[in-house]
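Notes to accompany the following structure.
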Number of protein chains: 2
Amino acid sequence: MIRVLVVEDEPLIAEAHAAFTARIEGFEVMSVAHTAQQAMATLRTVPVDLILLDLNLPDMNGLELARALRSAGIGTDVLVVTSARDLAAVRSAVSLGVTHYLLKPFTFATFREKLLGYARYRSQLLGAGQAPAQHEIDRAFAALRGSSPDSLPKGLDQKTLDLVLAVLRTDLGPAGLSAAEVGARMGASRVTARRYLEHLAETGQVVRSPRYGGPGRPEVEYRRV
Amino acid sequence: MIRVLVVEDEPLIAEAHAAFTARIEGFEVMSVAHTAQQAMATLRTVPVDLILLDLNLPDMNGLELARALRSAGIGTDVLVVTSARDLAAVRSAVSLGVTHYLLKPFTFATFREKLLGYARYRSQLLGAGQAPAQHEIDRAFAALRGSSPDSLPKGLDQKTLDLVLAVLRTDLGPAGLSAAEVGARMGASRVTARRYLEHLAETGQVVRSPRYGGPGRPEVEYRRV
DNA sequence: CACCCTTGCGTTCATTCTGTTCACCGGCGT
DNA sequence: ACGCCGGTGAACAGAATGAACGCAAGGGTG
């Protein structure tokens with residue numbers, strides 16, 4: 001059993017994270033803390049293997065808490081859960097040894113993937129014996145950070161999706177692009193481009209709006225948000 | 001350019017590490033320190049992105065040095081290079097955010113792989129923009145901890161791998177080759193060619209991209225980088 | 001306002017390649 | 001001799017694409 005401490009100021013969200021964690025086999029929630037102070041106090045009395053850490057705490061930034069833990073020689077593993085899409089925070093987190101960095105909001109599948117990745121890392125390292133060889137260490141590292149199959153719906157391919165996004169990014173003006181235009185620029189058909197654009201629209205990464213003007217049915221144009 | 005500080009007490013070995021590093025494109029050695037004290041002093045005056053850290057230092061354990069750096073709020077990335085096959089040390093290192101843990105002695109290929117993995121992580125994160133999305137963070141994490149091609153995975157043969165590489169090298173134009181084409185040119189089946197091409201893709205020696213066109217499912221073409 | 005004309009949308013379905021499984025084959029150690 | 005293990009390819013299920021097609025949604029015209 002991997003013992004988990006949830007650190008999150010918002011009580012409702014904290015409950016949700018705890019419930020999510022409890023649903024995953026091999027994990028148990030030991031306690032929930034709403035402030036950095038509480039978290040520190042809890043860690044002194046309760047054995048914990050993994051901390052689910054929100055960065056936005058009332059009394060201290062989550063990264064400060066992580067740094068304080070390391071200074072105190074506490075090596076408990078940390079998984080950052082935050083809504084801060086901040087590049088500098090990601091880099092700091094990595095340098096402080098967080099196992100993963102998860103952006104809110106997330107689906108249960110994504111959350112589960114990260115926790116299971118950590119569980120794999122743990123079991124591989126424990127199974128490696130006292131004097132692990134290079135390839136065993138490598139495997140453990142790979143398990144920890146290994147690919148997350150952010151399962152796309154059937155019929156969609158990650159590489160093609162990347163291409164569509166690349167085309168949308170290189171688009172300059174405020175005007176969007178129609179499905180036919182995107183298809184032409186990426187070397188695929190309108191049908192294919194449309195499939196991916198509709199997916200992006202449903203997941204909120206792109207907006208659709210009609211483009212009137214000439215004769216005939218209006219075109220639909222897609223624009224990044 | 002990624003600026004590197006080599007920390008290693010044995011002068012000969014330190015020189016070797018510095019020379020290895022200098023041979024890798026995109027890296028430059030800023031300085032060499034033989035003690036933890038020297039390393040700390042150097043870091044105060046010289047800008048450094050990555051520290052190659054030996055754990056066995058005369059005045060302090062390498063992990064202590066790492067912890068001291070974190071306490072001081074210094075987020076410089078660290079790659080541990082040591083002969084200590086110690087499970088506890090590996091776990092501590094991970095919790096302190098080291099990017100890799102490399103056992104001595106190692107071949108240049110292994111060393112190079114770890115540094116290139118770090119370079120990939122860095123460029124992906126920098127290329128992601130100021131507000132990275134979850135999948136971009138995931139890719140960066142995966143790049144950081146991804147591959148270890150020193151020992152070939154089971155099911156792969158060095159001779160066959162050489163053949164695949166030879167075929168890819170003789171390919172002239174900017175267009176890549178599909179798995180079926182590579183298989184035909186090397187006198188093997190598509191399945192076998194694909195196995196090796198996928199391995200090369202995972203280790204970053206080859207890139208995959210979809211090739212659209214006629215009706216039917218798109219081909220994936222492989223191209224050397 | 002009713003009608004037609006134009007043009008792109010949205011969907012279906014044949015097509016082609018992918019990714020995986022599993023039986024085979026040859027070599028090596030017991 | 002025998003079994004085992006590492007590497008290969010035939011066969012298969014299904015995944016991703018684009019051609020074709022009927023319909024939807026505007027503008028133009030009387």
Side-chain angles (χ1 to χ4, degrees), chain A residues 135 139 146-168 175-203 206-223, chain B residues 148-168 175-203 206-223:
Chain A
H135 77 269
R139 268 229 297 281
S147 56
S148 80
D150 200 357
S151 50
L152 288 160
K154 299 263 176 183
L156 298 196
D157 183 60
Q158 182 64 52
K159 287 300 271 187
T160 309
L161 183 59
D162 290 346
L163 248 171
V164 172
L165 287 170
V167 167
L168 287 178
L177 290 171
S178 74
E181 288 164 349
V182 171
R185 296 194 189 194
M186 65 184 278
S189 72
R190 173 184 65 89
V191 177
T192 297
R194 181 181 176 280
R195 258 197 284 269
Y196 288 87
L197 289 167
E198 283 301 316
H199 168 71
L200 290 172
E202 271 179 29
T203 57
V206 133
V207 291
R208 319 174 47 196
S209 55
R211 184 198 287 170
Y212 307 97
R217 179 171 179 162
E219 270 182 317
V220 176
E221 76 173 21
Y222 299 85
R223 232 187 2 267
Chain B
S148 74
D150 200 24
S151 60
L152 245 44
K154 299 254 178 184
L156 298 196
D157 182 55
Q158 185 62 49
K159 290 295 276 182
T160 312
L161 183 59
D162 291 345
L163 246 171
V164 172
L165 287 170
V167 167
L168 286 178
L177 290 171
S178 73
E181 289 164 349
V182 171
R185 295 194 189 194
M186 65 184 278
S189 73
R190 175 184 66 90
V191 177
T192 297
R194 181 182 176 280
R195 261 197 282 268
Y196 289 88
L197 289 167
E198 281 303 313
H199 167 70
L200 291 172
E202 270 178 32
T203 56
V206 135
V207 292
R208 320 171 55 214
S209 55
R211 184 199 289 172
Y212 310 98
R217 180 170 178 157
E219 275 184 318
V220 325
E221 72 174 24
Y222 300 85
R223 238 192 351 271

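Quick note: numbers below take in every heavy atom, side chains included, and nothing from hydrogens, waters or symmetry partners. Owing to the predicted nature of the structure, the values given are computational and were not obtained by experimental measurement. Here is how names work: the chains are called A, B, and so on, in the same order as the sequence lines, proteins then strands, and each is numbered from 1.
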The contact string for nucleotides 19-26 of chain C, one letter per nucleotide 5' to 3', using protein heavy atoms under 4.0 Å with B, S and - for base, sugar-phosphate only and none, comes out as BB------
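Whole-Å rounding puts the A:Leu163 CG to D:dT17 C1' distance at 14 Å. Atom CZ of B:Arg211 is separated from atom C1' of C:dT15 by 17 Å (rounded to the nearest Å). When rounded to the nearest whole Å, the span between CG of B:Leu177 and C1' of C:dC17 equals 16 Å. With rounding to whole Å, A:Tyr212 atom OH is found 13 Å from C:dC9 atom P. Separating the CD atom of B:Glu219 from the P atom of C:dT15 is a distance of 18 Å, rounded to the nearest angstrom. Straight-line distance from the CD atom of A:Glu181 to the P atom of C:dC9: 9 Å, rounded to whole Å. B:His199 places its NE2 atom 17 Å from the C1' atom of D:dT8, with the value rounded to the nearest Å. Whole-Å rounding puts the B:Glu221 CD to C:dT18 C1' distance at 15 Å.
To the nearest 0.5 Å, the span separating CG on A:Leu197 from CD on A:Glu181 amounts to 11.0 Å. Separating the OG atom in B:Ser178 from the CZ atom in B:Arg190 is a distance of 9.0 Å, to the nearest 0.5 Å. Atom CG of A:Leu163 is separated from atom CZ of A:Arg185 by 13.5 Å, given to the nearest 0.5 angstrom. Distance check, rounded to the nearest 0.5 Å: OH of A:Tyr196 to CE of A:Met186 gives 7.5 Å.
Recorded end-axis angle for the helix from C:dC1-D:dG30 to C:dT30-D:dA1 stands at 10°, based on five pairs per end and rounded to 10 degrees.
Nearest-nucleotide positions on DNA chain D place A:Thr192 closer to the 5' end than the other of A:Pro218 and A:Thr192. Take the nearest nucleotide of DNA chain D for B:Pro215 and for B:Gly187: the residue whose nucleotide is more 5' is B:Gly187.
Counting all heavy atoms, side chain and backbone alike, B:Ala179 lies closest to B:Ala193 at O-CB, 3.5 Å.
In this structure, A:Ala179 reaches neither bases nor backbone, as no heavy-atom distance under 4.0 Å exists between it and the strands shown. Within the nucleic acid shown, B:Ala188 comes within 4.0 Å of sugar-phosphate atoms alone, with no base atom in reach, counting heavy atoms only.
Side-chain atoms of B:Val164 and B:Thr192, non-hydrogen and from C-beta on, never get closer than 4.5 Å to each other.
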Would A:Val167 and A:Leu177 count as a side-chain contact (heavy atoms from CB on, under 4.5 Å) here? Give the steps. CA-CA 9 Å; A:Val167 167; A:Leu177 290 171; 4.1 Å; yes
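For C:dG8, neither phosphate oxygen OP1 nor OP2 lies less than 4.0 angstrom from any side-chain nitrogen or oxygen of A:Ser178. Not one side-chain nitrogen or oxygen of A:Tyr196 sits closer than 4.0 Å to the OP1 or OP2 atom of D:dA16.
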Report, one line per pair, each donor and acceptor closer than 3.5 Å where one atom sits in a side chain of residues 206-215 of chain A; sequence neighbours left out.
unit_1: A:Arg208; atom_1: NE; unit_2: A:Glu198; atom_2: OE2; d: 3.4
unit_1: A:Arg211; atom_1: NE; unit_2: A:Glu221; atom_2: OE1; d: 3.0
unit_1: A:Arg211; atom_1: NH1; unit_2: A:Glu219; atom_2: OE1; d: 2.9
unit_1: A:Arg211; atom_1: NH2; unit_2: A:Gly176; atom_2: O; d: 3.3
unit_1: A:Arg211; atom_1: NH2; unit_2: A:Glu221; atom_2: OE1; d: 3.2

